[in-house]
2 protein chains.
Amino acid sequence: MRIGELAKATGTKAETIRYYEREGILPAADRTDSNYRDYSDEHLATLIFVRRARALGFTMAQVRELLALSDHEDKPCRDVDQLVQRQLGEVTRKIADLTSLQDELQHMLRSCQADRIGECRIVESLARPLR
Amino acid sequence: MRIGELAKATGTKAETIRYYEREGILPAADRTDSNYRDYSDEHLATLIFVRRARALGFTMAQVRELLALSDHEDKPCRDVDQLVQRQLGEVTRKIADLTSLQDELQHMLRSCQADRIGECRIVESLARPLR
DNA sequence: CTTGACCTTGTAGTTACTACAAGGTGCATA
DNA sequence: TATGCACCTTGTAGTAACTACAAGGTCAAG
């Protein structure tokens, strides 16, 4: 699979894919005789993962950490455990925030369909008292 | 409430708060006699909202749109409805992805606590077939 | 054998901050 | 009264994570 195909399949710019390779986010692809990058299905899966994780607000550093979990055979279980705990906490917090936002958007939709403007509590949906 | 206090309360740099004001994300604060910015509880709520939304992967443009929903009295219901539908779709997709990631992280934690290294499917958790 | 879509490396621009610097004001406290 | 800290302004520059463009090479279709 060449870079353009991979780009299309993932909605990523070819430039961004090469950037990920430079940054070590995506492993370097094999090269064809004419020096073109030749991607595998694993590359595809990793890139989809990276793009989703980025869209969910994870930094590159966090994405790197998450990817590193993939080959945790060589690391002590305790370290992996700690990292996973930390990521899990962040994921759970994000889900809570998004669910709250979802509730509010659904509420707005209902009141809009009823054709009467209800109070909009969208800011409050995320700005409720800190946990 | 002065800028330093607001910064502390929200974990935002004072520079960033002034930047948000320049960008029109945060309404300009009142000024004291000595020209200090004087923030209200609404400012606080808005800033918490902005920071959370940004952490959830929304762009500044999307945050602007979401904030605009707060004063939708002056806009036709149909427009608001469309925007809300769109945002709702994105929020729902994010929740699905995060839930999938959460499942995988929890699975890793269990297998780690059992002190045997299980297969890591973290990439697959987000890279499953596109919907 | 040319056209156009692809590929390469490299540089520069964009977004959303973040950090200084320089120079000034406000205000509590030793 | 002096010290020191938080704040004000404008401005420049750095960072992260892309994104675009330039200059030139490769390749399959018509």
Side-chain angles (χ1 to χ4, degrees), chain A residues 1-40 43-44 46-68 87 90 94 97 126, chain B residues 1-40 43-44 46-68 87 90 94 97 126:
Chain A
M1 181 184 239
R2 296 203 301 192
I3 202 167
E5 207 179 333
L6 183 64
K8 205 164 195 176
T10 59
T12 312
K13 301 274 146 62
E15 276 102 343
T16 306
I17 297 171
R18 286 189 284 261
Y19 165 76
Y20 285 157
E21 185 182 306
R22 278 199 305 283
E23 296 297 311
I25 286 283
L26 207 59
D30 290 346
R31 294 300 180 116
T32 66
D33 293 345
S34 44
N35 202 30
Y36 287 4
R37 285 173 180 85
D38 186 23
Y39 292 98
S40 68
H43 281 104
L44 175 63
T46 303
L47 183 53
I48 293 172
F49 176 86
V50 170
R51 293 260 91 194
R52 295 243 176 106
R54 291 284 302 119
L56 293 169
F58 292 96
T59 63
M60 293 279 270
Q62 287 172 319
V63 172
R64 248 182 262 270
E65 282 188 353
L66 286 167
L67 285 174
Q87 295 287 4
E90 180 149 352
K94 281 178 194 239
D97 280 350
L126 289 189
Chain B
M1 180 183 238
R2 297 202 300 193
I3 201 167
E5 206 180 335
L6 183 63
K8 205 162 194 179
T10 59
T12 312
K13 301 273 145 65
E15 274 106 340
T16 305
I17 297 171
R18 285 189 282 259
Y19 166 75
Y20 284 155
E21 185 182 304
R22 278 200 304 284
E23 295 299 309
I25 286 282
L26 207 60
D30 290 346
R31 297 299 181 117
T32 64
D33 291 347
S34 45
N35 203 29
Y36 286 6
R37 285 173 181 84
D38 186 22
Y39 293 98
S40 67
H43 281 105
L44 175 64
T46 304
L47 183 54
I48 292 171
F49 175 86
V50 170
R51 294 258 93 193
R52 295 244 175 106
R54 292 283 303 118
L56 292 169
F58 292 95
T59 63
M60 292 280 270
Q62 287 173 320
V63 171
R64 248 181 262 270
E65 281 188 353
L66 286 167
L67 285 174
Q87 296 286 4
E90 179 150 353
K94 279 178 195 241
D97 279 352
L126 289 189

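Any value given below was found using the heavy atoms of this structure, including those in side chains, with hydrogens, waters and symmetry copies removed. Each chain gets a letter, A, B and so on, in the order its sequence line appears, and its residues count up from 1.
Using a 4.0 Å heavy-atom cutoff across all strands shown, Phe58(B) reaches no nucleic acid atom at all. Residue Arg22(B) is classed as having no contact, given no heavy-atom separation below 4.0 Å to the nucleic acid.
Here OH of Tyr20(B) is found 6.0 Å from CZ of Arg54(B). Values are rounded to the nearest 0.5 Å. Atom CG of Leu47(A) is separated from atom OH of Tyr39(A) by 8.5 Å, given to the nearest 0.5 angstrom. The NZ atom of Lys94(B) lies 8.0 Å from the NZ atom of Lys94(A); values are rounded to the nearest 0.5 Å. The CZ atom of Arg2(A) sits 12.5 Å away from atom CZ of Arg37(A), with the distance rounded to the nearest 0.5 Å.
Listed nucleotides dT18(C), dC18(D), dC8(D) differ in distance to Arg18(B); the shortest reach to its side chain belongs to dC8(D). The side chain of Arg31(B) lies closest to dT9(D) when the candidates are dC17(C), dC18(D), dT9(D). The side chain of Tyr36(B) lies closest to dT25(C), out of dT18(C), dT25(C), dC17(C). Listed nucleotides dC8(D), dC17(C), dC18(D) differ in distance to Arg54(A); the shortest reach to its side chain belongs to dC18(D). Of all nucleotides listed (dA16(C), dT19(D), dC7(C)), dA16(C) comes nearest to the side chain of Thr59(B).
Distances shown here put a side-chain N or O of Ser34(B) below 4.0 Å from the OP1 or OP2 atom of dC27(C). Between Arg37(A) and dT26(D) there is no side-chain N or O to OP1 or OP2 distance below 4.0 Å. Close to dC18(D), at under 4.0 Å from its OP1 or OP2, lies a side-chain N or O of Tyr20(A). At dA17(D), none of the side-chain N or O atoms of Arg64(A) fall inside 4.0 Å of OP1 or OP2 (strictly under the cut-off). Between Lys13(A) and dA20(D), a side-chain N or O to OP1/OP2 separation shorter than 4.0 Å is present. Contact check, Thr16(B) against dT18(C): a side-chain N or O comes under 4.0 Å of OP1 or OP2.
Atom OH of Tyr39(B) and atom C1' of dC8(D) are 12 Å apart (whole Å). Rounding to whole angstrom units, CD of residue Glu21(A) and P of dC7(C) are separated by 13 Å. Going from atom CD of Glu23(B) over to atom P of dC17(C) covers 9 Å, rounded to whole Å. Here the C1' atom of nucleotide dA17(D) and the CG atom of Leu56(A) are 16 Å apart, to the nearest Å. Rounding to whole angstrom units, CD of residue Glu5(B) and C1' of dA6(D) are separated by 12 Å. When rounded to the nearest whole Å, the span between CE of Met1(A) and P of dC6(C) equals 14 Å. In this entry the distance linking CZ of Arg2(B) with C1' of dC27(C) reads 8 Å, nearest Å. Atom CD1 of Ile17(A) is separated from atom P of dC6(C) by 13 Å (rounded to the nearest Å).
Checking Thr16(A), Leu67(A), Ile17(A) one by one against Leu26(A), the side-chain contact (heavy atoms from CB on, under 4.5 Å) holds for a single residue, Ile17(A).
Nearest-nucleotide assignment on DNA chain C puts the 5′-proximal partner with Gly4(A), out of Gly4(A) and Asp33(B). Toward the 5′ end of DNA chain C lies the nearest nucleotide of Lys8(A), the other residue of the pair Tyr19(B) and Lys8(A) mapping further downstream.
For Glu15(A) against dC21(D), a side-chain-to-base donor-acceptor contact under 3.5 Å is present.
Using a 3.5 Å distance cut-off with no hydrogens or angles, the side chains of His43(A) and Ser40(A) do pair a donor with an acceptor.
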